[in-house]
Amino acid sequence: WKSKVERAGKTMNTMRDAYFKEISILREQLHRKQQAANVGAEFSPIESVLFRPTEYTIEDELQKLVSEKVSVLQQRHDQEVKELERKCSQRVSQLAEQLKTTKLILARKEKYVEQVIRDRANWEKTATEVSERAAAELDEMKIQMVMALESATQSELPALGPVGEEPEAAA
């Protein structure tokens, strides 16, 4: 019985040492990964397995307890994975809907901008045409005014003789 206890104690100490060494190595790698991320460098983990539970024989009762604990942990893990998958799927659906809505809004804005550009081009064309017609009408009015002034000037002014002569004096 004492030898069994001593053997179990040595086995537990060996397991504990291997376990803590592996934890220490994993912590160090995590620290290096964070440092690499801070400077933007790439990190390549080193796979190191020091603790191998299968290398240690365990008594039947302890084996049952460990198996039960592993089963409980596996169930928790499976539940967490399912929950994460559900959340991920939900988020993907939300993002897909947002993308669809954004594309629709973008398409509408593009059509609106195209319409504004067409309207502006039409407005500029119309403004140019109106301006040209107004200029033509103004030119026509100027010509008519000049002709009217010439006509009025010729009928109201006395006939002038050759240049340098004075008009005939009224008697």
Side-chain angles (χ1 to χ4, degrees), residues 1-140:
W1 181 83
K2 282 186 175 185
S3 68
K4 203 175 191 183
V5 170
E6 284 179 19
R7 192 180 50 190
K10 286 180 183 179
T11 302
M12 290 298 287
N13 286 337
T14 306
M15 285 173 50
R16 188 179 309 112
D17 288 345
Y19 174 76
F20 284 128
K21 283 180 185 177
E22 190 167 323
I23 293 283
S24 178
I25 290 170
L26 291 172
R27 285 183 178 160
E28 178 63 26
Q29 286 191 34
L30 181 60
H31 178 70
R32 288 182 182 174
K33 180 181 179 183
Q34 289 171 343
Q35 284 181 332
N38 289 341
V39 296
E42 190 174 319
F43 173 76
S44 298
I46 300 168
E47 190 170 331
S48 174
V49 179
L50 301 175
F51 178 70
R52 299 178 193 277
T54 56
E55 292 180 1
Y56 306 100
T57 57
I58 303 175
E59 302 296 326
D60 288 338
E61 283 185 35
L62 188 55
Q63 181 66 38
K64 286 179 185 178
L65 289 173
V66 169
S67 295
E68 287 175 7
K69 187 66 173 175
V70 167
S71 176
V72 168
L73 290 174
Q74 185 65 43
Q75 287 176 353
R76 282 188 197 161
H77 173 72
D78 292 345
Q79 288 174 347
E80 289 175 1
V81 167
K82 285 180 184 177
E83 180 64 18
L84 288 173
E85 286 174 345
R86 183 191 65 77
K87 287 180 179 179
C88 182
S89 175
Q90 186 179 25
R91 185 67 177 146
V92 167
S93 296
Q94 289 173 343
L95 291 173
E97 187 62 32
Q98 286 177 349
L99 179 62
K100 182 180 174 183
T101 302
T102 302
K103 284 181 177 179
L104 182 64
I105 290 170
L106 180 62
R108 287 181 181 169
K109 286 183 178 180
E110 286 174 347
K111 285 182 181 179
Y112 176 73
V113 167
E114 289 172 2
Q115 183 62 42
V116 167
I117 290 170
R118 279 194 303 271
D119 290 349
R120 181 171 178 159
N122 289 338
W123 176 82
E124 287 175 351
K125 181 181 175 185
T126 303
T128 302
E129 290 173 356
V130 167
S131 176
E132 289 172 354
R133 271 188 270 149
E137 289 177 10
L138 184 60
D139 289 344
E140 183 65 30

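Numbers here simply count residues along the sequence, with the first being 1.
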Quiz item: Should K82 and R86 be marked as a side-chain contact (heavy atoms from CB on, under 4.5 Å) after you check the CA-CA gap, both sets of side-chain angles, and the distance that decides it?
Solution: CA-CA 6 Å; K82 285 180 184 177; R86 183 191 65 77; over 6 Å; no
Quiz item: Crowded around Y19 OH? As in, over 12 foreign heavy atoms under 6.0 Å?
Solution: no
Going by atom type alone, with no hydrogens or angles, which donor-acceptor pairs under 3.5 Å involve a side-chain atom of residues 96-107 and a protein atom two or more places apart or on another chain?
unit_1	atom_1	unit_2	atom_2	d
T101	OG1	E97	O	3.0
T102	OG1	Q98	O	2.7

Quiz item: Can we say R133 and E137 salt-bridge, meaning some charged N sits less than 4.0 Å from an Asp/Glu carboxylate O?
Solution: no
Quiz prompt | Side-chain donor/acceptor of S131 to backbone N/O of A127, under 3.5 Å | solution = no
Quiz prompt | Nearest-0.5 Å distance that lies between atom CD in Q90 and atom CD in E85 | solution = 14.0 Å
Quiz item: Could you give the distance from CD (E83) to CG (D78), rounded to the nearest 0.5 Å?
Solution: 13.5 Å
Quiz item: At what distance, to the nearest 0.5 angstrom, does CZ of R16 lie from CD1 of I23?
Solution: 13.5 Å
Quiz item: Do any N or O atoms from the side chain of T128 and from the backbone of E124 form a donor-acceptor pair under 3.5 angstrom?
Solution: yes
Quiz item: Just wondering, are more than 12 heavy atoms of other shown residues or ligands nearer than 6.0 Å to CZ in R118?
Solution: yes
Practice problem: Among residues two or more places apart or on two chains, list those pairs meeting side chain to side chain donor-acceptor pair (under 3.5 Å) that have a residue in residues 31-44. | Solution: E28-R32, H31-Q35
Exercise. Output yes when a side-chain donor or acceptor of T14 lies under 3.5 Å from a complementary backbone atom of K10, and no otherwise.
Key: yes
Quiz item: Quick one: does Q94's side chain get under 4.5 Å of R91's, heavy atoms only?
Solution: yes
Exercise. Taking side chain to side chain donor-acceptor pair (under 3.5 Å) as the test, write out the residues that go with R27, two or more places apart.
Key: none
